[in-house]
Amino acid sequence: MIIPDSTAPARTAGPPVTRFAPSPTGDVHLGNARTALFNLLLARRGGGRFLLRIEDTDTVRSRENYRERQLEDLRWLGLEWDAGPGREDERGPYRQSERTALYERYFDQLAAAGAVYPCFCSPLELEVSRKAQLASGRPPRYAGTCRELSAEQQAARRAQGISPTLRFRVPPGERVEFIDLVRGPQSALTDDIGDFIVRRADGAAAFFFSNAVDDACMGVTQVLRGEDHLANTPRQLLVLRSLGLAPPEYGHVSLLLDGAGAPLSKRHGAASVRDYRAQGYLASAILNHLFRLGHSTAEHGLLGLEEMARAFDPAHLGRAPAHFDESQLRGWQKEAVRHLTPDEARRWLRDVLPAGLDERPASAFLEAVLPNVELPADARAWVEVVFGGPPELDTAASGFIRDAGSGYFAAAVRGAEASGNDLRAIAGAIRTATGRKGAALYMPLRAALTGRAEGPELAPLLKAIPAGQVRERLARFA
RNA sequence: GCUCCCUUCGUCUAGAGGCCUAGGACAUAGCCCUCUCAAGGCUGUAACACGGGUUCGAAUCCCGUAGGGAGCGCCA
């Protein structure tokens, strides 16, 4: 028997409904963020809705504070959901821990159809069985111990106080087929799938079940998710079919790898959105990099969410795993910093700007320095140079100053006193006194003012340095 | 172990049998611009994992090999 192509029906006629469904067991990492982004984009480009659903059925691992952190990270990225936590609607609630009544109804329905059966096997028994199968070179699958238990046998086990799990009875000898949004036609044999648990002993719904049921009940039309779900999709299709629910279209994007080729999701710490945020990376830099990871587009510059939505094309999702590349991220970061408005820049750097700095000097500073800043740490160094005392000279700077001589700086001081912080005036005074031009004219100035041989353009930099400081820095070499 | 997925420049990718002398972006190198750095402009280096087929013709189709990944959980 063949399960009809799940992509054909009229369900796809309306606007798309997509979702991101994290479980609150850790911080959002780059792989998750990309999945969320793709789903949001898919919805937006079709004028549809993007849902956020919290998959917190595992009460042991789920943590309230992770949930809050995840919401915060998503919001920080700008990935706002149309419905979900804090934005409930008639399809909710959007936390699986609050959907148990709904699950119960569907469990009953499955039971009535004979599609599930109680399983009394203990975790230990199951593990032993798995190991034995593996050892003898067979795939580890549920042995079917409780599959054909009689009512009496079931009653006996219950009498022993064993609370059973609920297993889905996978029909033998079928081929499950579906069309993957990114990988094309897929098929699997049900004989390769063991009976799986849809309800745990504690009564909680298991992933294969709750995830699929919720997608169907929430009207989700397309699911873009990690490739790790590809091989399990047939189970969800089976569950949905037994329930008479329409499955969404599934598309499986490849996993994100780190530079060493290891899956990002298996790493800890460094790959989380929070960490990059803490380092000072901008949301738009991260988004733009993720947008191109495993996805190709003709658009080249820094894109906003709207533009990404227009340019997003699921047909251009790659099948091969993509490597997250820090140097690419830095490239986007550079772009993102250049696109910052003055207000955004000030907010971005509020922790490194001197406390209580007025708006005018702050603007002057940012205008001068921002083109040379990638991360807040870079700006911090320039804060020192601009607002600190006379800077220490590095060797290159000392060389320029020695070469210029005291007459040069005497002229510079005169120029500064006459004009304030005007580069043209200062340079003019020096030129008149020394006849210097080009690098010979400007580099000693830069060296005396900043202590180094490279940095932002001098004219705006001069405007940013307090006037008294300019004279003082020049005068010490006169 | 079994099943499934994947493999084009350093990285992300375009490519659906002739348009490929394999294109673009980022990174990188050189030059120009320039007070330096950055930006910008120009130019360059750089890839179809391997082996067999099929075909007049293959990056594109088939088979195999190698390598990577996933799934087979009372995790999601």
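Quick note on labels: first sequence line is chain A, next is B, and so on, each numbered from 1. Values reported hereafter were calculated over all heavy atoms of this structure, with side chains retained and with hydrogens, waters and symmetry mates removed.
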Mind checking if [X] touches a base, just sugar-phosphate, or nothing, with heavy atoms under 4.0 Å?
| X | answer |
| --- | --- |
| Arg130(A) | sugar-phosphate |
| Pro456(A) | base |
| Arg338(A) | sugar-phosphate |
| Ala201(A) | base |
| Phe196(A) | nothing |
| Arg446(A) | base |
| Cys119(A) | nothing |
| Pro371(A) | sugar-phosphate |
| Asn372(A) | base |

Would you kindly give the [atom1]-to-[atom2] distance between [X] and [N], to the nearest whole Å?
| X | N | atom1 | atom2 | answer |
| --- | --- | --- | --- | --- |
| Asp192(A) | C2(B) | CG | P | 12 Å |
| Leu303(A) | C26(B) | CG | P | 14 Å |
| Lys334(A) | C37(B) | NZ | P | 14 Å |
| Glu174(A) | U3(B) | CD | P | 20 Å |
| Arg235(A) | A70(B) | CZ | P | 17 Å |
| Tyr142(A) | C72(B) | OH | C1' | 16 Å |
| Gln133(A) | G73(B) | CD | C1' | 13 Å |
| Asp191(A) | U3(B) | CG | C1' | 12 Å |

Of all heavy-atom pairs linking Gln133(A) and Pro139(A), the shortest is OE1-O, 3.2 Å

So which protein nitrogen or oxygen atoms get under 3.5 Å of nucleotides 44-51 of chain B's nitrogens or oxygens?
none

side-chain hydrogen bond (donor to acceptor under 3.5 Å, both in side chains) filter on Tyr142(A), not counting sequence neighbours, yields none

Taken in chain and number order and not counting sequence neighbours, the residues that satisfy side-chain hydrogen bond (donor to acceptor under 3.5 Å, both in side chains) with Asp214(A) are Gln96(A), Arg99(A), Tyr103(A)

Quiz item: What class does the angle between the rings of His252(A) and His229(A) fall in, given that below 30° is parallel, 30 to 60° is tilted and above 60° is perpendicular?
Solution: tilted

Using the 3.5 Å cut-off, write out each protein N or O paired with an N or O of nucleotides 32-34 of chain B and the distance between them.
none

Determine whether a donor-acceptor pair (N or O, by modelled atom type, separation under 3.5 Å) exists between the side chain of [X] and the backbone of [Y].
| X | Y | answer |
| --- | --- | --- |
| Arg167(A) | Arg147(A) | no |
| Gln469(A) | Phe387(A) | no |
| Arg436(A) | Ala440(A) | yes |

task = Tell me, please, whether Trp382(A) has Arg452(A) positioned over its six-membered ring: NZ or CZ under 6.0 Å from the ring centre and within 45 degrees of its axis?
result = yes

Tell me whether Arg45(A) forms a cation-pi arrangement with Phe312(A), defined as NZ or CZ under 6.0 Å from the six-membered ring centre and within 45 degrees of its axis. no

- prompt: Given C72(B), is OP1 or OP2 found less than 4.0 Å from the side-chain N or O atoms of Asn232(A)?
  reply: yes

Are any of Arg200(A)'s side-chain N or O atoms less than 4.0 Å away from OP1 or OP2 of C75(B)? yes

Heavy-atom nearest nucleotide on RNA chain B taken for Thr57(A) and for Tyr442(A); more 5' hit belongs to Tyr442(A)

When Leu423(A) and Pro123(A) are each assigned the nearest nucleotide of RNA chain B, the 5'-most assignment goes to Leu423(A)

Quick note, side chain to side chain donor-acceptor pair (under 3.5 Å) partners involving residues 283-299 of chain A, not counting sequence neighbours, are Asn288(A)-Arg292(A)

query = Is the Phe107(A)-Phe209(A) ring centre distance short of 6.0 angstrom?
reply = yes

Is the distance between the ring centroids of Phe324(A) and Tyr276(A) under 6.0 Å?
yes

Take atom P in C26(B) and the same atom in G40(B), then report the distance between them in whole Å.
8 Å

A correct 5'-to-3' footprint of nucleotides 4-14 of chain B, with B, S and - meaning base, sugar-phosphate only and no protein heavy atom under 4.0 Å, is -BSS--BBSSS

